[in-house]
Amino acid sequence: MIRNSTLAVALFAATSAPAAEPWSLQPPTEQPPPTVSDTGWPLKPLDHFILSRIETAGQHPTEGAGRQTLVRRAYLDLHGLPPTTEQTQAFVADDRTDAWERLIDALLASPRYGERWGRHWLDIARYSDSNGMDENIAHPQAHRYRDYVIAAFNDDKPFDQFVIEQLAGDLLPARDLEQTREQTIAAGFLSVGPKMLACDDPDKMRRDIVDEQIDTTGRAFLGLTLGCARCHDHKFDPVSIEDYYGLAGIFMSTKTLTKYSVVAEFHQHDLSTLLDKAKREQIAALEKRKNPITGKEIDRLRKDLPPRFEVMAVTEYPTEDSQVHLRGDYRTLGDSVPRRLPLALAGGDQPAMPAGQSGRLELAHWIASPGNPFTARVIANRIWRWHFGRGIVATTDNFGTLGEAPSHPGLLDHLALTLIENRWSIKALHREIMNSATYQQSSLAEYELKQADPENRLFARWLPRRAESEVIRDSILFKSDRLDLTSRGPDLVVRSNKYVDGAKLAEYHAEPCRTVYLPVLRSSGYDAQNAFDFPDPAVICGHRRTSSATPQALFLMNSPLVHKSSDNYARLLLHMTPDKSTTERAAYTILHILGRDSSDDELQRAESFIDDYPPDDEIAAWAAFARVLFSTNEFLYIE
């Protein structure tokens, strides 16, 4: 990508006046790291951008966090699981100068990484195993898309390729059946959204699906609310109603459902092997004869025949351009708009839309282009937000006029260009961020700094944040030795286009698998997940809300999850420490669950707590002690 340093002046800081053209429409430009007074603090170029703003505000960055804090932060951040006691002690004892860098590399190489960071993207993809809305029909093949996302993060699939596959994977060439399956599964991104399947008006149903796909694509990859232009020109961003219907033609030329009558059914690809398809054709032909001889042959053919390898994803329709719907009403039509990209965003020199294809592939290539001013910035900002709890652009799904301006525009461009230069490697961006002095700061900041910057817009300290609902559940199971890291979760035992049974949620939740593998059902939800702000899977969510409410404490005090886990931990503790004193057991428990050493005062209070229980009821005593620790903010928050 050609960098034009003269464009840097057009980028504005959060405190400056708006530019004539929205900042997000201007190409990212590399700027030299700002000059800072404290030259010994920065560890990475990004630190200069952060420190410059801190010094301009008359403040100082916070000192580095301790090793026990850092190792727990890194594990929870990259794996969504706390470190074991042995892992904590090993890092604390590692005196090599590159111990931290080695730790980050090891965490990124683990399959636990994809399970954690894949879940972040599933929030963007509004992933669910059921449709919700008016007809809560099962998506029994949606788990293939979930697993594709997890594998993509583990494999460090270049993000530009990740984008292209999700919008047009079914149109890409493939070297073999395995790659065909992978790329087609990726196109499930456009299928997993919610749909009104019992609409009496097929034309309206089809256009509503297209609208949801346009809006999700715009927010997910570009940070733009393209859906606002369905009824009129966008009131704030340079997207016209003609731009919207140029995109609508692309998605109207894309098949999502096989029928639009009540109750509509999802399109699925049969990607079984050619041999299995041939066997099914032979069975179908024999079944038409219906005689004893063919019955034996049918039984032979059916033996060891695997189920169809079905993939829920879009495919092509006969191409068609769309007419403008005046005020969004498809019954009141205006001029026809050829399939195309938005003019203000992509310019007038656009790729020709092929006569025999929808144009999704051309759209995908444009979005994934390094010349697109939005895509690299949007994902770099998302990665920053998922690390720090706040984006450089706080409105992670909206880079438009109504979104917030970047707090550090030069830093955002630096991260976006770093991503592109590293061949769109997300793992390389993790290393850039986590090896910085900014990331390694302590949360124990000075009072003056907290008063001056309560929202931590300067990133002059680590701002503790409560872990997400999945991290809380997984951590409790993990620390009580109940988590099965080999399990891929319970199967959603429902055929395609059949209704789901929400009553089975409690049964699913009892499975000791990682939470990312539990079925996500729209219109229903797990109590534990809902209590801790699991997002609505019907809409894109790049910034999960974090609440603090009484029901959360009540859940932790009374839930079977916590009680069973605490009881299991108590039994393990007593089995492992038959000759240890109460004080030694308490010290180990605090280190094991909270990841840090205990103070003398804590040990005295722990001993008094345990002594309040009858001597012959040690399991109940230690289970209660573990339950207390599982319920503490220190366990629930990422420090």
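Being a predicted model, the structure only gives us computed values, none of them experimental.
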| task | Measure the acute angle between the ring planes of F159 and W121, then classify it against the limits of 30° and 60° as parallel, tilted or perpendicular. | result | perpendicular
| note | The side-chain contact (heavy atoms from CB on, under 4.5 Å) partner of L190 among Q166, R360, E212 is R360
| G403 to T395 - nearest heavy-atom pair and separation | CA-OG1, 3.3 Å
| said: Tell me if the CD atom of E86 is crowded by more than 12 foreign heavy atoms within 6.0 Å. | reply: yes
| query | Would you find a donor on one side and an acceptor on the other, under 3.5 Å apart, between the side chain of D77 and the backbone of R73? | reply | no
| request: Give a yes or no on whether a salt bridge exists between R382 and D397, defined as a side-chain N under 4.0 angstrom from a carboxylate O. | output: yes
| task | Classify the angle between the aromatic ring planes of F459 and W384 as parallel (below 30°), tilted (30 to 60°) or perpendicular (above 60°). | result | perpendicular
| task | Could you tell me whether K157 and D155 make a salt bridge, using a distance below 4.0 angstrom between a side-chain N and a carboxylate O? | result | no
| field | Atom pair CG/CD of L556 and Q552 - distance to nearest 0.5 Å | value | 8.0 Å
| message | Testing the basics here: between H267 and K255, what is the closest heavy-atom pair and its distance to 0.1 Å? | response | CD2-CD, 3.8 Å
| request: Could you tell me whether D276 and R308 have a side-chain N and a carboxylate O separated by less than 4.0 Å? | output: no
| field | N/O donor-acceptor pair under 3.5 Å between N381 side chain and I392 backbone | value | yes
| task | Could you tell me whether the side chain of T88 reaches within less than 4.5 Å of the side chain of R72, counting heavy atoms only? | result | no
| Does a side-chain N-to-carboxylate-O contact under 4.0 Å join R466 and D533? | yes
| said: Distance to the ring centre below 6.0 angstrom and angle to the axis at most 45 degrees; does that hold for R377 and F399? | reply: no
| query | Within the side chain of T184, is there an N or O that forms a donor-acceptor pair under 3.5 Å with the backbone of D170? | reply | no
| task | Measure from NZ or CZ of R112 to the centre of the six-membered ring of Y75 and say whether it is under 6.0 Å with the direction within 45° of the ring axis. | result | no
| said: Checking the side chain of N131 only, and the main-chain atoms of I137 only, is there a donor and an acceptor separated by less than 3.5 Å? | reply: no
| said: Looking at every heavy atom in both C513 and G489, which two are closest together, and how far apart are they? | reply: SG-CA, 3.6 Å
| message | Taking the cut-offs as 6.0 angstrom to the six-membered ring centre and 45 degrees off its axis, would you call R126 and F189 a cation-pi pair? | response | yes
| query | Is the closest side-chain donor-acceptor distance between R385 and T396 under 3.5 Å? | reply | no
| field | Intermediate values then yes/no, side-chain contact (heavy atoms from CB on, under 4.5 Å), T216 and V539 | value | CA-CA 8 Å; T216 299; V539 292; over 6 Å; no
| task | Name all residues meeting the ring pair (Phe, Tyr, Trp, His ring centres under 6.0 Å) criterion together with F251; count only those two or more places apart in sequence or in a different chain, and write none if there are none. | result | none
| task | Name all residues meeting the salt bridge (Lys or Arg N to Asp or Glu O under 4.0 Å) criterion together with E101; count only those two or more places apart in sequence or in a different chain, and write none if there are none. | result | none
| task | Carefully, step by step, assess L561 and R482 under the rule side-chain contact (heavy atoms from CB on, under 4.5 Å). | result | CA-CA 10 Å; L561 167 68; R482 296 181 62 215; 4.1 Å; yes
| Audit row: H269, Q141, side-chain contact (heavy atoms from CB on, under 4.5 Å) steps and yes/no | CA-CA 10 Å; H269 297 258; Q141 309 304 331; over 6 Å; no
| request: Assess the side chains of S443 and E639: does a donor N or O sit below 3.5 Å from an acceptor N or O? | output: yes
| query | Would you say K564 has more than 12 foreign heavy atoms packed within less than 6.0 Å of its NZ? | reply | no
| said: Centroid separation under 6.0 Å, is that true for the rings of Y569 and H592? | reply: yes
| Pair D129 + R146, salt bridge at N-O below 4.0 Å | no
| query | Are side-chain heavy atoms of P490 and E507 found at a separation under 4.5 Å? | reply | no
| said: The test is side-chain contact (heavy atoms from CB on, under 4.5 Å); show your working for R116 and E468 and say whether it passes. | reply: CA-CA 11 Å; R116 163 65 162 161; E468 297 94 333; 3.1 Å; yes
| said: Check the orientation of H387 and W117. Use parallel for under 30°, tilted for 30 to 60°, and perpendicular for over 60°. | reply: tilted
| query | Is atom CG of D98 surrounded by more than 12 heavy atoms (other residues, nucleotides or ligands) closer than 6.0 Å? | reply | yes
| Are the side chain of S565 and the backbone of L477 linked by a donor-acceptor contact shorter than 3.5 Å? | no
| said: Determine whether the aromatic ring centres of residues H509 and Y526 are separated by less than 6.0 angstrom. | reply: yes
| said: For G542 versus W386, what's the shortest heavy-atom pair and its separation? | reply: O-NE1, 3.8 Å
| said: Once you measure the plane-to-plane angle for Y127 and Y145, does it fall in the parallel (<30°), tilted (30-60°) or perpendicular (>60°) bin? | reply: parallel
